[in-house]
Enquirer: 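Below is a structure I'd like to ask you about.
So you know, we letter chains A, B, ... as the sequences are listed, proteins then strands, and number each from 1.
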Number of protein chains: 2
Amino acid sequence: MKTLILPSIAEMNLTSICAALGDPIRMKIVQCLADSGEKNCSGFEVEHISKSTLSHHIKILRESGLIQPRFQGKEHFYSLRTADLESRFPGLIHLLLREKPESFVLPE
Amino acid sequence: MKTLILPSIAEMNLTSICAALGDPIRMKIVQCLADSGEKNCSGFEVEHISKSTLSHHIKILRESGLIQPRFQGKEHFYSLRTADLESRFPGLIHLLLREKPESFVLPE
DNA sequence: TTGATAGTTCGAAATTTTTCGAATTATAAA
DNA sequence: TTTATAATTCGAAAAATTTCGAACTATCAA
C-alpha cells in the first residue's frame, strides 16, 4: 500500500493554491470536480494531453491541497477537498464553480 | 499622456488572476494593497528585487485586472480594483486579506 | 501465469517565466 | 537648462515549468 502525501489544513498556502489554479488545464480539472464531485483521470474534461502530463498536473493539485485521491482497484478517484478548503479559505470553492452556484451547498 | 491597458470586468479571467497571484512577490504586493489601500512601488513590502523586476510583476498584476494605476507627478500609485473584482468574482478580495478581515467593508 | 488497464515516475527537450542591468520616458526641482 | 527621482521598456541570461515517451507499479480478468 502506498502512502500519499497531502498537506494538512494548516500547511495549505494561498500562493501555492493560486499557482496550482493558474494553469488552464488544472483550472479545468478543478472546475470539473467542483461542478460534479468525484472523477477519475479519464473523467477530466481535458484533451490532447499525454497521461504523464496529466499525472504531473494532478500531483501539483494534490500537493497544493486542492484535491485528494481515493484508490479503488486500478482506478484513482479524485475529489476536491471541499470541507478542508472551506475551513482554511472560506469562499474559495464557491469562486471555482462554473455554473449553477446556487445548487452548491457548502459543508457545515 | 500615456494610454494604459486595463482589462474590462468582462475580460477578467480567473485562471489569469490565479496565475498572477501564484507568485510570492505578487501575492505580497496584492495583500499589501488589500490591507491598506493605495501605494506606490516604494511602498510595497518587497525586498531584494530590482526595479525592472518589480515593474514586470506590476505589469502582470495590472494585465490580469487585479490592480490599477493612478499617475500623480513622478509617482504611480497602485490600488486593487476592489469593486470590479468583487462584481466579477465575489469573495475574492476577502480571501486576500491577511488580517482584520472584519474591518474590511466590501463595495456595494 | 499472462495480458490488459489505470496510473505514476523518470529523464530529457521545449517553452515560459523570472530576473537583471542598461537605456529610456516623464515629471519635478534647482 | 541641468540634474534628480520614479518608473517602464528592452534584451539577454538564468531558472522554473510543461510536455512527452518509455519504463515501471499495481490491480484485475482470462
Side-chain angles (χ1 to χ4, degrees), chain A residues 1-7 13 15-30 32-33 37-80, chain B residues 1-7 13 15-30 32-33 37-80:
Chain A
M1 190 56 182
K2 74 188 295 183
T3 349
L4 53 94
I5 302 148
L6 278 189
N13 164 267
T15 305
S16 303
I17 284 178
C18 287
L21 293 169
D23 174 276
I25 290 172
R26 294 194 294 262
M27 179 62 88
K28 193 155 195 192
I29 292 170
V30 165
C32 175
L33 294 175
E38 203 181 52
K39 289 236 169 77
N40 71 353
C41 291
S42 65
F44 300 150
E45 298 156 1
V46 291
E47 275 129 51
H48 308 307
I49 163 183
S50 72
K51 57 182 186 167
S52 53
T53 300
L54 184 52
S55 257
H56 161 75
H57 287 303
I58 287 169
K59 186 180 185 186
I60 287 172
L61 290 172
R62 177 173 48 77
E63 288 178 349
S64 78
L66 281 160
I67 67 173
Q68 66 197 150
R70 179 176 69 82
F71 304 106
Q72 182 183 288
K74 296 184 277 203
E75 291 171 281
H76 297 193
F77 287 96
Y78 290 95
S79 58
L80 280 193
Chain B
M1 191 56 183
K2 74 190 292 185
T3 350
L4 51 94
I5 302 149
L6 280 188
N13 164 267
T15 306
S16 303
I17 284 179
C18 288
L21 292 170
D23 174 277
I25 290 172
R26 294 194 292 263
M27 180 62 88
K28 193 153 195 193
I29 293 170
V30 165
C32 175
L33 294 176
E38 205 181 50
K39 288 238 169 78
N40 71 354
C41 291
S42 65
F44 300 149
E45 297 157 2
V46 291
E47 275 129 51
H48 308 307
I49 164 184
S50 73
K51 56 184 185 162
S52 53
T53 300
L54 184 53
S55 260
H56 161 75
H57 288 302
I58 288 169
K59 185 180 186 186
I60 287 172
L61 291 172
R62 177 173 48 76
E63 287 178 349
S64 79
L66 281 161
I67 67 173
Q68 66 196 152
R70 179 177 68 82
F71 304 107
Q72 181 182 287
K74 296 184 278 203
E75 290 172 280
H76 296 193
F77 288 95
Y78 289 95
S79 58
L80 279 193

Enquirer: Which pairs, with at least one residue in residues 49-59 of chain A and sequence neighbours excluded, count as a salt bridge (charged side-chain N to carboxylate O under 4.0 Å, His left out)?
Expert: none
Enquirer: For A/F71 and D/dT25, give me the distance from atom CZ to atom P, rounded to whole Å.
Expert: 17 Å
Enquirer: What is the separation between atom NZ on B/K39 and atom C1' on D/dA6, rounded to the nearest whole Å?
Expert: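 Going from NZ in B/K39 over to C1' in D/dA6 covers 17 Å.
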Enquirer: So, do B/H57 and B/I49 sit near enough that their side-chain heavy atoms are less than 4.5 Å apart?
Expert: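 They are in side-chain contact.
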Enquirer: Checking B/S52 now: which residues fulfil side-chain hydrogen bond (donor to acceptor under 3.5 Å, both in side chains) with it, not counting sequence neighbours?
Expert: B/S50
Enquirer: Pairs of donor and acceptor atoms involving the side chains of residues 41-48 of chain A, under 3.5 Å and at least two apart or interchain, shall be tabulated with distances.
Expert:
| from | atom 1 | to | atom 2 | distance (Å) |
| --- | --- | --- | --- | --- |
| A/S42 | OG | A/N40 | OD1 | 2.9 |
| A/E45 | OE1 | A/R98 | NH2 | 3.3 |

Enquirer: So which pairs with a foot in residues 67-79 of chain B pass salt bridge (charged side-chain N to carboxylate O under 4.0 Å, His left out), sequence neighbours left out?
Expert: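 Matches after skipping sequence neighbours: B/E38-B/R70.
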Enquirer: Calculate, to the nearest 0.5 Å, the distance between atoms CG and CD1 belonging to B/L21 and A/I17 respectively.
Expert: 12.0 Å
Enquirer: side-chain hydrogen bond (donor to acceptor under 3.5 Å, both in side chains) with A/S16: which residues, sequence neighbours excluded?
Expert: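 A/S16: side-chain hydrogen bond (donor to acceptor under 3.5 Å, both in side chains) contacts with A/N13.
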Enquirer: All N/O contacts under 3.5 Å from nucleotides 13-15 of chain C to the protein, with atom names and distances to one decimal?
Expert:
none

Enquirer: If the condition is side-chain hydrogen bond (donor to acceptor under 3.5 Å, both in side chains), which residues does A/K28 pass it with, not counting sequence neighbours?
Expert: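 A/K28 satisfies side-chain hydrogen bond (donor to acceptor under 3.5 Å, both in side chains) with no other residue.
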Enquirer: Just jot down the side-chain contact (heavy atoms from CB on, under 4.5 Å) partners of B/P7, sequence neighbours excluded, or say none.
Expert: B/E11, B/R81
Enquirer: Send over the distance from B/M27 CE to C/dT17 C1', rounded to a whole Å.
Expert: 17 Å
Enquirer: I'd like to compare against my own output: the B/S/- annotation of nucleotides 12-19 of chain D with a strict under-4.0 Å heavy-atom distance to protein.
Expert: ------BB
Enquirer: What integer distance in Å separates B/I67:CD1 from D/dA7:P?
Expert: 12 Å
Enquirer: Can you list the residues that meet the side-chain hydrogen bond (donor to acceptor under 3.5 Å, both in side chains) rule with A/S79, with sequence neighbours excluded?
Expert: none
Enquirer: Using whole Å, what does the distance between atom C1' of nucleotide C/dT19 and atom NZ of B/K59 come to?
Expert: 15 Å
Enquirer: Applying side-chain contact (heavy atoms from CB on, under 4.5 Å), name anything that partners A/I60, two or more places apart in sequence or on another chain.
Expert: A/A20, A/R26, A/H56
Enquirer: Pull out every protein N or O sitting under 3.5 Å from an N or O of nucleotides 4-7 of chain C, one pair per line with the distance.
Expert:
| from | atom 1 | to | atom 2 | distance (Å) |
| --- | --- | --- | --- | --- |
| C/dG7 | OP1 | A/C41 | N | 3.3 |
| C/dG7 | O3' | A/H76 | ND1 | 3.1 |
| C/dG7 | N7 | A/K51 | NZ | 3.2 |
| C/dG7 | O6 | A/K51 | NZ | 2.8 |

